[in-house]
Number of protein chains: 2
Amino acid sequence: MTVTLADVAARAQVSPATVSRVLNGNYPVAATTRERVLRAVDELDYVLNGPASALAAATSDLVGILVNDIADPFFGIMAGAIQSEIGGPGGRAGGERLAVVCNTGGSPERELTYLTLLQRQRAAAVVLTGGAVEDAPHAAAVAAKLRKLADAGTRVVLCGRPPAPETDAVALTFDNRGGGKELTEHLIGLGHRRLGYIAGPEERTTTRHRLEGHRAALAAAGIEEDPRWTVHGRYDRRAGYEATLELLRRDPTLTAVVAANDSVALGACAALRESGLRIPEDVSVAGFDDLPFSIDAVPSLTTVRLPLAEAGARAGRIAMGREEPPPGGIATVRGELMVRGSSGVPRG
Amino acid sequence: MTVTLADVAARAQVSPATVSRVLNGNYPVAATTRERVLRAVDELDYVLNGPASALAAATSDLVGILVNDIADPFFGIMAGAIQSEIGGPGGRAGGERLAVVCNTGGSPERELTYLTLLQRQRAAAVVLTGGAVEDAPHAAAVAAKLRKLADAGTRVVLCGRPPAPETDAVALTFDNRGGGKELTEHLIGLGHRRLGYIAGPEERTTTRHRLEGHRAALAAAGIEEDPRWTVHGRYDRRAGYEATLELLRRDPTLTAVVAANDSVALGACAALRESGLRIPEDVSVAGFDDLPFSIDAVPSLTTVRLPLAEAGARAGRIAMGREEPPPGGIATVRGELMVRGSSGVPRG
DNA sequence: AGCAACGCAGCAAGCGCTTTCTATACAGTC
DNA sequence: GACTGTATAGAAAGCGCTTGCTGCGTTGCT
């Protein structure tokens with residue numbers, strides 16, 4: 001039925017071992033033999049049996065990329081960059097690896113299950129992207145899994161995710177705290193004193209870090225924060241829309257709204273506009289991430305640019321062992337404040 | 001080093017065969033024995049060896065999803081929906097399958113390579129999303145691959161992609177032609193007579209179909225199209241921006257710009273605005289797809305909504321054999337015209 | 001010319017699992 | 001009490017590939 005190595009060997013009049021060596025190219029094979037084998041492979045339209053090969057060699061060419069939300073360009077951009085470095089088809093690398101992205105949907109259980117599935121497949125490497133959930137038991141479970149993966153020879157790297165303690169996974173962390181601080185400092189510098197903050201889901205590290213940065217900036221400026229100024233929600237436009245309405249209800253005198261990310265900011269803009277408020281004349285808005293669409297918002301969004309593609313590419317190279325991990329296994333990737341039209345001097 | 005089935009068997013004082021049967025649950029095993037085995041699995045923290053299992057059983061639990069651009073929500077939304085139905089961790093389905101998305105970047109070679117890689121892994125199913133490239137040799141190569149995959153027992157389904165002739169792959173096709181026609185009819189109905197069209201890459205089926213719909217509408221209204229009114233570019237905002245500038249240069253009297261998709265439309269809006277033109281007073285703009293951000297554009301985008309998530313979910317179910325394929329293996333999924341603020345009556 | 005060294009190919013032993021077939025044990029039946 | 005039937009567990013034969021080791025023919029050296 002299906003063509004096997006042995007069939008190719010028979011056709012090329014060599015032993016299976018030789019065919020295997022030609023295919024893997026890590027053993028000297030005479031040029032003429034090689035050619036004969038290659039011809040046979042071609043003629044028989046042979047396709048290597050991945051599982052068999054993985055079993056015998058005790059390694060596979062699978063590389064997993066875990067993302068929280070595949071429909072979100074934040075992850076898509078990172079995943080694409082990682083994948084392009086992993087090799088995969090068309091990547092810069094030589095060997096053909098199957099770089100696959102797994103969508104956890106932000107669910108801790110799915111994250112764990114995917115890790116198990118990848119462990120089961122004896123993945124060559126795993127890259128986890130985006131913020132982690134701040135649940136101690138879950139964090140411990142993930143750490144344990146990562147340790148086990150590493151033990152089994154799987155390279156683990158975290159991209160845009162805080163380091164995992166008790167683990168020697170390489171981590172490329174975004175400086176969410178610093179970015180958040182800078183962003184709010186910018187608004188304060190413009191004269192804002194009453195700033196609403198639309199945070200992400202409570203339990204995520206990213207949420208907490210950005211919020212901490214925001215608060216640090218307020219504190220540094222001697223602004224006392226009103227608890228009513230912070231609303232939590234999901235990382236999407238809808239949440240931004242609703243949260244903004246809520247903020248406006250709580251305190252109509254706010255002059256700025258800082259959003260957890262750009263999508264949320266877009267929702268905030270919509271809500272403000274529908275409430276008859278001009279941006280930035282009446283209320284300034286700021287986002288985070290600088291996704292491609294942010295510059296097209298009207299007015300264009302003041303935000304913090306995260307080098308998603310660069311970080312992803314680097315993570316990919318590290319996962320492939322083509323770049324040295326940063327000293328200590330941890331690197332912080334900084335964002336860059338992008339001041340655009342959505343932020344301005346407050347009225348009055 | 002690593003725990004194997006035999007280790008578990010030894011610990012549970014049963015044969016490896018029994019352990020395998022407990023794990024696969026398709027053979028009667030006494031409750032007490034089962035429990036003993038399960039306990040051993042737990043105690044040893046055993047993880048099945050995927051490749052070995054795939055080799056022995058001649059099937060794997062991998063399901064591949066091919067997308068053209070993982071950073072584009074158009075694909076992200078579909079992929080997410082497919083994945084959630086595939087089962088994967090947390091999906092509705094029972095068995096745990098590893099649903100993985102592969103990013104072809106729109107490159108025909110990568111598409112082929114990924115298919116080979118999936119074939120090599122003996123994937124259980126493969127879903128190809130998005131438009132295909134209209135290159136005869138490549139189409140033939142893909143068709144051949146798909147046939148081979150199907151022969152090997154892999155279920156193949158196309159989602160948002162035209163049917164593959166000479167293949168019995170199930171196809172859920174978007175009615176790009178109909179949507180394009182309806183969109184342009186809407187603009188014509190508003191009084192537009194000079195409409196620019198920013199098309200996608202020339203060689204893509206999606207591009208051609210949408211453009212055909214546009215032209216059909218023009219023809220039906222007796223509007224003779226000026227070749228200068230069509231510009232081709234990539235499916236991103238940048239292309240939309242540049243193409244719009246080009247269109248304006250070629251014919252400053254255009255009263256409407258129809259874009260290949262929403263991202264392109266966003267770029268078009270930016271270019272128009274920078275050229276001092278108001279939307280829709282001076283120029284109307286229309287997109288396609290109705291991605292989440294489209295409603296947030298200012299003015300919000302008139303576009304054609306494609307039921308991406310629904311189609312993806314259906315494709316996923318079909319791929320898993322949990323839903324009957326449509327009669328004839330081909331179904332057309334229609335879009336819905338969303339009239340919003342970016343289109344209006346032309347000036348004058 | 002003689003011996004070591006080398007290059008290249010084959011043998012064969014697994015890799016860890018699934019599954020067919022067989023064996024055992026018990027319960028039910030006449 | 002011998003016999004058949006049913007339920008459950010085990011033995012063993014691979015699945016298709018990789019790789020350490022062996023073997024042989026040839027080249028290089030003295």
Side-chain angles (χ1 to χ4, degrees), chain A residues 1-38 40-41 44-62 95-96 117 119-124 152-153, chain B residues 1-38 40-41 44-62 95-96 117 119-124 152-153:
Chain A
M1 178 64 217
T2 44
V3 183
T4 73
L5 234 211
D7 298 332
V8 176
R11 171 134 196 160
Q13 316 216 54
V14 296
S15 73
T18 302
V19 177
S20 172
R21 285 171 183 142
V22 168
L23 261 25
N24 291 300
N26 47 18
Y27 192 88
V29 173
T32 63
T33 314
R34 168 196 316 291
E35 193 163 327
R36 201 142 35 88
V37 169
L38 256 18
V41 165
L44 295 178
D45 215 355
Y46 171 68
V47 175
L48 191 70
N49 183 318
S53 153
L55 172 59
T59 59
S60 97
D61 51 7
L62 244 190
E96 268 168 9
L117 247 22
Q119 178 185 6
R120 175 179 299 183
Q121 299 297 330
R122 305 299 189 252
Chain B
M1 180 61 217
T2 44
V3 183
T4 72
L5 235 212
D7 298 332
V8 176
R11 171 135 199 159
Q13 313 217 56
V14 297
S15 72
T18 303
V19 177
S20 172
R21 296 202 259 249
V22 168
L23 261 24
N24 292 299
N26 46 19
Y27 192 88
V29 172
T32 64
T33 312
R34 169 197 314 294
E35 193 163 326
R36 202 142 34 88
V37 169
L38 257 17
V41 165
L44 294 178
D45 215 355
Y46 171 68
V47 174
L48 191 68
N49 182 319
S53 152
L55 172 59
T59 57
S60 97
D61 52 5
L62 243 191
E96 267 170 6
L117 245 24
Q119 178 185 5
R120 176 178 299 182
Q121 299 297 331
R122 306 298 188 252

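Each chain gets a letter, A, B and so on, in the order its sequence line appears, and its residues count up from 1. The shown structure was predicted, so the numbers you read here are calculated from the model rather than taken from an experiment.
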Next item on the list: Tell me which nucleotide among D/dT19, C/dG14, D/dT8 gets nearest to the side chain of B/Ala30.
Entry: D/dT8
Notebook entry, point to check: With a 4.0 Å cut-off on heavy atoms, is A/Ala17 in touch with a base, just the backbone sugar-phosphate, or nothing at all?
Noted result: base
Check: Can you name the side-chain contact (heavy atoms from CB on, under 4.5 Å) partners of B/Ala40, sequence neighbours left out?
Finding: B/Val8, B/Arg11, B/Ala12
Note to self: Just the rounded figure in Å: distance from C1' of D/dT8 to CD of B/Glu35.
What the structure shows: 17 Å
Donor-acceptor list for residues 14-26 of chain A side chains, cut-off 3.5 Å, not counting sequence neighbours:
| from | atom 1 | to | atom 2 | distance (Å) |
| --- | --- | --- | --- | --- |
| A/Ser15 | OG | A/Ala17 | N | 3.4 |
| A/Ser15 | OG | A/Thr18 | N | 3.4 |
| A/Ser15 | OG | A/Thr18 | OG1 | 3.3 |
| A/Ser20 | OG | A/Asn24 | ND2 | 3.3 |
| A/Asn24 | ND2 | A/Ser20 | O | 2.9 |

Note to self: Under the rule for salt bridge (Lys or Arg N to Asp or Glu O under 4.0 Å), what residues qualify as partners of B/Arg34, not counting sequence neighbours?
What the structure shows: none
Checklist line | Distance in angstrom units between A/Asn49 CG and D/dG16 P, rounded | finding: 7 Å
Checklist line | Separation of C/dA12 C1' from A/Leu5 CG (nearest whole Å) | finding: 15 Å
Next item on the list: To the nearest Å, give me how far apart CG (A/Asp61) and C1' (D/dT18) are.
Entry: 14 Å
Checklist line | Interatomic distance where CZ belongs to B/Arg122 and P belongs to D/dC15 [whole Å] | finding: 14 Å
Checklist line | Residues within residues 19-28 of chain A bordering DNA chain C, heavy-atom distance below 4.0 Å | finding: A/Arg21, A/Tyr27, A/Pro28
Check: Counting only non-hydrogen atoms, which of residues 7-16 of chain A are less than 4.0 Å from DNA chain C?
Finding: A/Val14, A/Ser15
Item checked: Donor-acceptor contact below 3.5 Å, side chain B/Ser60 vs main chain B/Ala54 -> no
Next item on the list: Using the closest heavy atom to pick a nucleotide of DNA chain D for each, name whichever of B/Thr32 or A/Val47 lands nearer the 5' end.
Entry: B/Thr32
Check: Looking at CG of A/Asn49 and OG1 of A/Thr4, how far apart are the two atoms once the value is rounded to the nearest 0.5 Å?
Finding: 9.5 Å
Item checked: Flag side-chain contact, heavy atom, 4.5 Å: B/Thr33 against B/Arg36 -> yes
Margin query: Can you list everything that forms a side-chain contact (heavy atoms from CB on, under 4.5 Å) with B/Asp61? Sequence neighbours excluded, please.
Written below: A/Arg120, A/Gln121, B/Arg97
Note to self: Using whole Å, what does the distance between atom P of nucleotide D/dA13 and atom CG of B/Leu55 come to?
What the structure shows: 17 Å
Notebook entry, point to check: Roughly how far, to the nearest 0.5 Å, is the CG atom of A/Leu117 from the CG atom of B/Leu48?
Noted result: 10.0 Å
